[in-house]
Number of protein chains: 2
Amino acid sequence: MRQEDLQQMRTLRLFDGMAESYVESMLRASFLQRFPARVELAREGEPADFLHLIIDGQVEVYASHHRRETTVSILGPGQSFILAAVLLDRVYLKSARALSPSRILMIPAEAVRQYFERDVHFARSLGIELAIAYRDIVKELKNQKLRSSLERLANWLLARNTETGASGRFALPFDKKVLAARLGMAPEVLSRSFAALAAYAVSVDGSSVHLQDIDALRKVAHPSAFIDDPAT
Amino acid sequence: MRQEDLQQMRTLRLFDGMAESYVESMLRASFLQRFPARVELAREGEPADFLHLIIDGQVEVYASHHRRETTVSILGPGQSFILAAVLLDRVYLKSARALSPSRILMIPAEAVRQYFERDVHFARSLGIELAIAYRDIVKELKNQKLRSSLERLANWLLARNTETGASGRFALPFDKKVLAARLGMAPEVLSRSFAALAAYAVSVDGSSVHLQDIDALRKVAHPSAFIDDPAT
DNA sequence: CGACCGGTTGAATGCATTCAAAAGGCGTGG
DNA sequence: CCACGCCTTTTGAATGCATTCAACCGGTCG
């Protein structure tokens, strides 16, 4: 790892409050890897060998079973994945692939477990990280089971709008195909849902979206803090 | 709390390795409550005030939104719920109700957070508990999104059979209505699914189930270690 | 130019929900 | 002990949301 990269890694939230010498030693054992788009970063069923931390890029986390596939989440810089498997020393329950060229900090599972036992601050960070991940997936389960696909799309648009400054205009951060997977629907359904939302002043041109009547959109979406609000 | 109850609480897995004085102090602040069936133990949207630990009884964890409701899990003795909300000091994302008369150990959220910071062993227990809960819900998400209701039922039957000694005969641990909710389907669908499984030598009489051809059932179910195996 | 990929649109199918009604089980009160 | 009523479960039928298959458009790349 290069000196300036190391410097950046040291400041990761995950290491907050941790003894410096521990951080150093963990980082020495870790790899900062670059991956091209479409590469598989982890495969369901394999033993957890590294905790993955996204420094740069987008990663799709998904699971397969019996010729079907479902996207669980799409992660970006600052987020980690497969933490639970690492902590418990079990196999991955999900696979992950890079959606864009990515830089991933890979911390050996063994080291994670070791310092989890050894350093309160690190244990605390991991616990909080896990708790957040847990709540995120609960929200996703609710999103999937309590909403129609039209509602899921509407809420995603509202959330994305808020996230990007609430200007009413933003670009889709990935292909519609991927968005469809993220929202748990076939691409065809996403297409039809966008069409249906035109009635609520949602206009889409390629990847640029314009929400011209947020209130109308909220009425279809029925947003809920307990599903959509990342800070809740 | 009575002396003998206290004694029992002290041996909880959650407290393994924890300094005795800490355990004592946590338990002194806690309540061992009895609840009749159907009582609501936690409500979505309320601030997390207690970590709940089931000593006795069955608890249904569910979430509501916009006049719909979905069951997230059904828990029994030894399992805790709403740990993530307690740790992060956020509101509950799910509600919980007692399915049967239950005894619940309620540990004040404040105390949980305090000892989480203070005691490595406790932090470790919580981390592991959270990691397991996380993986369970990932499995549930996969179960829901990658399977038909017939498959979900078939797999549940297989798992339950294994759990109860693989004799091919067992009783449903709760009403079919509740089972339907647990499996994410309407009661009507459960009924029809049972009827459909008769073709695979599954016979049901009231709450007693008899699986007469496990292999046939496995063929419909397509069980997967990464969804169904509690130890994976 | 032709092939391919992402996206859209149309049509058919299917799984599951919903509404409705009837049958079976269980407990309560007369 | 029986009758009644409530709740669970089953069965039937209609509806609907979403998947799947298929065809088509437009842009990009070899």
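Chain letters run A, B, ... following the sequence lines, proteins first and then strands; every chain starts at 1. What's counted below: heavy atoms across the whole structure, side chains too, no hydrogens, waters or symmetry copies.
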So, B:Q144 versus B:E140: side-chain donor-acceptor pair below 3.5 Å or not?
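Short answer, yes.
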
Just checking, is any N or O donor in the side chain of B:D49 or B:Y92 under 3.5 Å from an acceptor N or O on the other one?
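There is such a pair between these side chains.
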
Suppose we call a contact any N or O donor and acceptor under 3.5 Å apart; does that hold for the side chain of B:R68 and the base of C:dT18?
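Answer is no: no donor-acceptor pair is held.
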
Atom [atom1] of [X] to atom [atom2] of [N]: distance rounded to whole Å?
| X | N | atom1 | atom2 | value |
| --- | --- | --- | --- | --- |
| B:L150 | C:dT17 | CG | P | 13 Å |
| A:L190 | D:dC17 | CG | C1' | 15 Å |
| A:E69 | D:dT19 | CD | P | 14 Å |
| B:F194 | C:dA16 | CZ | C1' | 17 Å |
| B:L153 | C:dC15 | CG | P | 15 Å |
| B:D205 | D:dT9 | CG | P | 13 Å |
| B:M185 | C:dT18 | CE | P | 14 Å |
| B:L179 | D:dT10 | CG | P | 11 Å |

Main-chain N/O of [Y] paired to [X] side chain as donor or acceptor, under 3.5 Å:
| X | Y | answer |
| --- | --- | --- |
| A:S224 | A:F226 | yes |
| B:S100 | B:Q58 | yes |
| A:S95 | A:E44 | yes |
| A:R152 | A:G184 | yes |

On the 0 to 90° scale, with breaks at 30° and 60°, tag the B:W156-B:F174 ring pair as parallel, tilted or perpendicular.
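Plane angle between 30° and 60°, so tilted.
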
Pull out every protein N or O sitting under 3.5 Å from an N or O of nucleotides 20-23 of chain C, one pair per line with the distance.
none

Of the listed nucleotides (D:dG12, C:dG10, C:dA16), which one gets closest to any side-chain atom of A:R192?
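Of all the options, the side chain of A:R192 is nearest to C:dG10.
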
Do B:L130 and A:L87 come close enough that some side-chain heavy atom pair is under 4.5 Å?
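B:L130 vs A:L87: side chains apart.
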
Determine whether B:L51 and B:L105 make a side-chain contact, defined as any pair of heavy atoms from C-beta on separated by less than 4.5 Å.
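They are not in contact (no side-chain heavy atoms under 4.5 Å apart), so the answer is no.
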
Given A:L41 and A:F81, is the side chain to side chain contact (heavy atoms under 4.5 Å, CB included) satisfied, shown in steps?
CA-CA 10 Å; A:L41 303 171; A:F81 54 99; 3.9 Å; yes

Could you list the donor-acceptor pairs under 3.5 angstrom formed between side-chain atoms of residues 189-207 of chain B and any protein atom two or more places apart in sequence or on another chain?
| unit_1 | atom_1 | unit_2 | atom_2 | d |
| --- | --- | --- | --- | --- |
| B:S193 | OG | B:V189 | O | 2.8 |
| B:S203 | OG | B:H210 | O | 3.4 |
| B:S203 | OG | B:Q212 | OE1 | 3.3 |

Could you check which residues of residues 139-149 of chain B get a heavy atom under 4.0 Å from DNA chain D? Sort them by number, please.
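None - not one residue of the stretch has a heavy atom sitting under 4.0 Å from the strand.
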
Are B:V86 and B:I107 close enough, and set up right, to give a side chain to side chain contact (heavy atoms under 4.5 Å, CB included), and what steps lead you there?
CA-CA 10 Å; B:V86 167; B:I107 311 176; over 6 Å; no

Pair B:E69 + B:R97: basic N to acidic O under 4.0 Å:
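So B:E69 pairs with B:R97 through a salt bridge.
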
For A:D228, the option from A:R147, A:K139, A:K142 that meets salt bridge (Lys or Arg N to Asp or Glu O under 4.0 Å):
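Going through A:R147, A:K139, A:K142 one by one, the salt bridge (Lys or Arg N to Asp or Glu O under 4.0 Å) with A:D228 is satisfied by A:R147 alone.
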
From B:Q8 atom CD to B:R2 atom CZ, the distance as rounded to the nearest 0.5 Å
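B:Q8 CD to B:R2 CZ: 9.5 Å, rounded to 0.5 Å.
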
Can you establish whether the number of heavy atoms outside B:E40 located under 6.0 Å from its atom CD is more than 12?
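More than 12 heavy atoms, drawn from other residues, nucleotides or ligands, come within 6.0 Å of this atom.
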
Between protein and nucleotides 3-7 of chain C, what N or O pairs are separated by less than 3.5 Å?
| unit_1 | atom_1 | unit_2 | atom_2 | d |
| --- | --- | --- | --- | --- |
| C:dG7 | OP1 | A:K176 | N | 3.0 |
| C:dG7 | OP2 | A:K177 | N | 3.0 |

Using the 3.5 Å cut-off, write out each protein N or O paired with an N or O of nucleotides 27-30 of chain D and the distance between them.
none

Just report the end-to-end axis angle for the helix from C:dC1-D:dG30 to C:dG30-D:dC1, five pairs per end, to 10 degrees.
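Terminal axis comparison yields 30°.
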
